[in-house]
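Throughout, a chain's letter reflects where its sequence line sits, starting with A, and its residues are numbered from 1. Just so you know, these numbers come straight off a predicted model, no measurement behind them.
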Number of protein chains: 2
Amino acid sequence: MSTTTPIFPPISEPSFPPPSQGAGATGATAATAAPRPPLNPEKLCSQLGWKVTAARRAIFKAIDKLDGYFDAEVLLVQAKKLHPAVSRATVYRTLPDLCSNGILRSTEFGDGHYRYCRHDPDAPPTAEIYVVDCGRILKVPAPFLSWYAATVTERAGYELIGQRLQTFARCVKKKEDVNACGSCEHQPAAVAPAPMR
Amino acid sequence: MSTTTPIFPPISEPSFPPPSQGAGATGATAATAAPRPPLNPEKLCSQLGWKVTAARRAIFKAIDKLDGYFDAEVLLVQAKKLHPAVSRATVYRTLPDLCSNGILRSTEFGDGHYRYCRHDPDAPPTAEIYVVDCGRILKVPAPFLSWYAATVTERAGYELIGQRLQTFARCVKKKEDVNACGSCEHQPAAVAPAPMR
DNA sequence: GTAGATGCAAACGCTTTGCGCCGCG
DNA sequence: CGCGGCGCAAAGCGTTTGCATCTAC
C-alpha cells in the first residue's frame, strides 16, 4: 500500500468540448453535495485487495457519517466512536490509500490542514469553496471545469491529469448580519478545533 | 506583523462579464511568467511600514533571483548567499507577511510543501500547473478565471474573495521521450530536494 | 533611546514509521 | 498457518516561537 497523503485530483469529467455559450452561468442553484451510497467494506476491500478488518469497517462508516470535507483528526474521533481501538496510525495509513485509489480526494487550503472528501469519478467536476467566516468547506458543481483546465494546460504544452479549483469566499448572510453564519445552512464544520489560524 | 503562511489568493482581475464566446480557447501560447520589476527594499519597506534591514534586503533580492515558484528552504539558501547571517526564522517570518501584503502568493500541491511566487495584482489571473514528471510549477494565464470562480461561488450564495486553479499535468515531450524533461524549456525547479515523495 | 527585527535553539503539530503482536482468509 | 494489518510510541520534518541581543530610525 502506498505512503503519503496526496494524489493528483482526478479529472472526473469526460473531457468536454468548448461549450457553445460560455462556461457556466446557467443551470441549477448550487448546494453542498449529492447523496452517495455508503462505502461497503466487503466490496471496497476486495476491490482494493485489502483484508476486511474492524478498523477499516469503522473508518469507512465514519467517512459515511462525516459526509463532506473532514480532516484526519475528526475522522479518527468518529472512527473511535464506532471502534475505540482504531489508532491514529491506521487512520493516517488509510487516508492516502483511499485517495490514491480514487475513493477520497484530498485538499489543502493553506492552513496546513489536509481535508478529505468522498470522490465520485462519474460526477461532474466540482470547485471547493472555503468559507472564510467559519472555515467550512463546500463542494459545488463547476461545469466544464476540466475542459477549462485542460485548455489552459494544453495551451502551455502539457497534458492534463487532474485539476482543482479552490475558491475563498465570504458568506453573504454573514455580511448582512455579523452574528449570522452560526445560522447558515452549512453543515457543522467537520474539522478539528483550529481552523483558520 | 502577522503569523502564519497562508493568505487567500487575491482575485487579481477586475471581475469580468461572461465572455461572449466561451471562456478560453483563444489567444496566446502560454509561457512561464512575465518579467517583473525587482523588489525595491526602501520602497517596499516604507510601503509596509517595515524597517529596512540587511536580512530583508537579502530576502528581497533572493526572491528576485528565484523568479518563479520557490519554497522557504530554497529562499533561505539564496538569501544566505547574499547575507550569510539571515536565519531560517527570519525567512519564515517574512514569507507570510509578504503574502498577506499581496507581494507574494503561496500555494500547496499536496506534497506538504508551501511554494511562493511573486504576485502582481494588475496581471490577469493565472493557473498553476504542477508538472508531475519533474515537480516543477508553472504559471500560465487563465483568462476569465476569476469571473468563472465568482460565478460558481456566487451561485452557491457566497461572495468571492480569491481563487486558485491548480492543474496537474504531464509534459508532452516527456511522453514522447522518456528521458526528456531534463531538456524541457522549464527553468530548473526552485524547490528543495524532495519534490514528489 | 526605543520599538521593532533578528538569530538561535527549543518547541510545535501534523504526519510517518519501526516494531512486535494479532487476526483475516 | 502465514502474511497483511494493527496499535503503540517514537521519530520526522517543515514551520513557529520565546528570548536575549541588536539596530534602524
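Checked against side chain to side chain contact (heavy atoms under 4.5 Å, CB included), A/Ser46 has no partners two or more places apart in sequence or in another chain. The salt bridge (Lys or Arg N to Asp or Glu O under 4.0 Å) search around B/Glu108 returns none, not counting sequence neighbours. A/Thr107 meets the side chain to side chain contact (heavy atoms under 4.5 Å, CB included) test with A/Tyr69, A/Phe109, A/Arg115, A/Glu128, A/Arg164, A/Gln166; sequence neighbours excluded.
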Sub-3.5 Å pairs of nitrogen or oxygen atoms, protein against nucleotides 7-9 of chain D:
unit_1: D/dG7; atom_1: OP1; unit_2: A/Ala85; atom_2: O; d: 2.7
unit_1: D/dG7; atom_1: OP1; unit_2: A/Val86; atom_2: N; d: 3.2
unit_1: D/dG7; atom_1: OP2; unit_2: A/Ser87; atom_2: N; d: 3.2
unit_1: D/dG7; atom_1: OP2; unit_2: A/Ser87; atom_2: OG; d: 2.9
unit_1: D/dG7; atom_1: OP2; unit_2: A/Thr90; atom_2: OG1; d: 2.3
unit_1: D/dG7; atom_1: O5'; unit_2: A/Ala85; atom_2: O; d: 3.3
unit_1: D/dG7; atom_1: N7; unit_2: A/Arg93; atom_2: NH2; d: 3.0
unit_1: D/dG7; atom_1: O6; unit_2: A/Arg93; atom_2: NH2; d: 3.0

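The CZ atom of A/Arg56 sits 18 Å away from the P atom of C/dC22 (whole-angstrom rounding). One atom, CD of B/Glu73, and another, C1' of D/dT15, lie 10 Å apart when rounded to the nearest Å. Rounded to whole Å, the distance from OH on A/Tyr114 to C1' on D/dT15 is 13 Å. Whole-Å rounding puts the B/Asp111 CG to D/dT15 P distance at 10 Å. Look at CG on B/Leu98: it is 15 Å from P on D/dT15, rounded to the nearest Å. Between the CG atom of B/Asp71 and the C1' atom of D/dC13 there is a distance of 13 Å, given to the nearest Å. B/Leu76 places its CG atom 17 Å from the P atom of D/dC13, with the value rounded to the nearest Å. In this entry the distance linking CD of A/Glu42 with C1' of C/dC24 reads 12 Å, nearest Å.
Looking only at side-chain heavy atoms (C-beta outward), B/Asp64 and B/Arg118 come within less than 4.5 Å of each other. Residues A/Tyr148 and A/Pro143 have side chains not in contact (no heavy-atom distance under 4.5 Å, counting atoms from C-beta outward). You'll find the side chain of B/Leu165 reaches within 4.5 Å of the side chain of A/Leu145, heavy atoms only. Within the 4.5 Å cutoff, side-chain heavy atoms of B/Leu75 are placed close to those of B/Ile63. Side-chain contact between B/Leu95 and B/Phe70: present, with at least one pair of heavy atoms (C-beta onward) separated by less than 4.5 Å. Using a 4.5 Å heavy-atom threshold, the side chains of A/Gln163 and A/Thr153 count as separate.
Between A/Tyr92 and C/dT16 there is no side-chain N or O to OP1 or OP2 distance below 4.0 Å.
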### side chain to side chain contact (heavy atoms under 4.5 Å, CB included) evaluation trace for A/Phe60 with A/Ile103
CA-CA 10 Å; A/Phe60 295 159; A/Ile103 311 301; over 6 Å; no
### Query
Could you write nucleotides 20-25 of chain D as a row of B, S and -, 5' to 3', where a protein heavy atom under 4.0 Å of any base atom gives B, of only sugar-phosphate atoms gives S, and otherwise -?
----BS
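Using a distance-only test at 3.5 Å, with no hydrogens or angles considered, no donor-acceptor pair links the side chain of A/Tyr158 to the main chain of B/Tyr130.
Taken over five-pair windows at either terminus, the axes of the helix from C/dG1-D/dC25 to C/dG25-D/dC1 are inclined to one another by 30° (rounded to 10 degrees).
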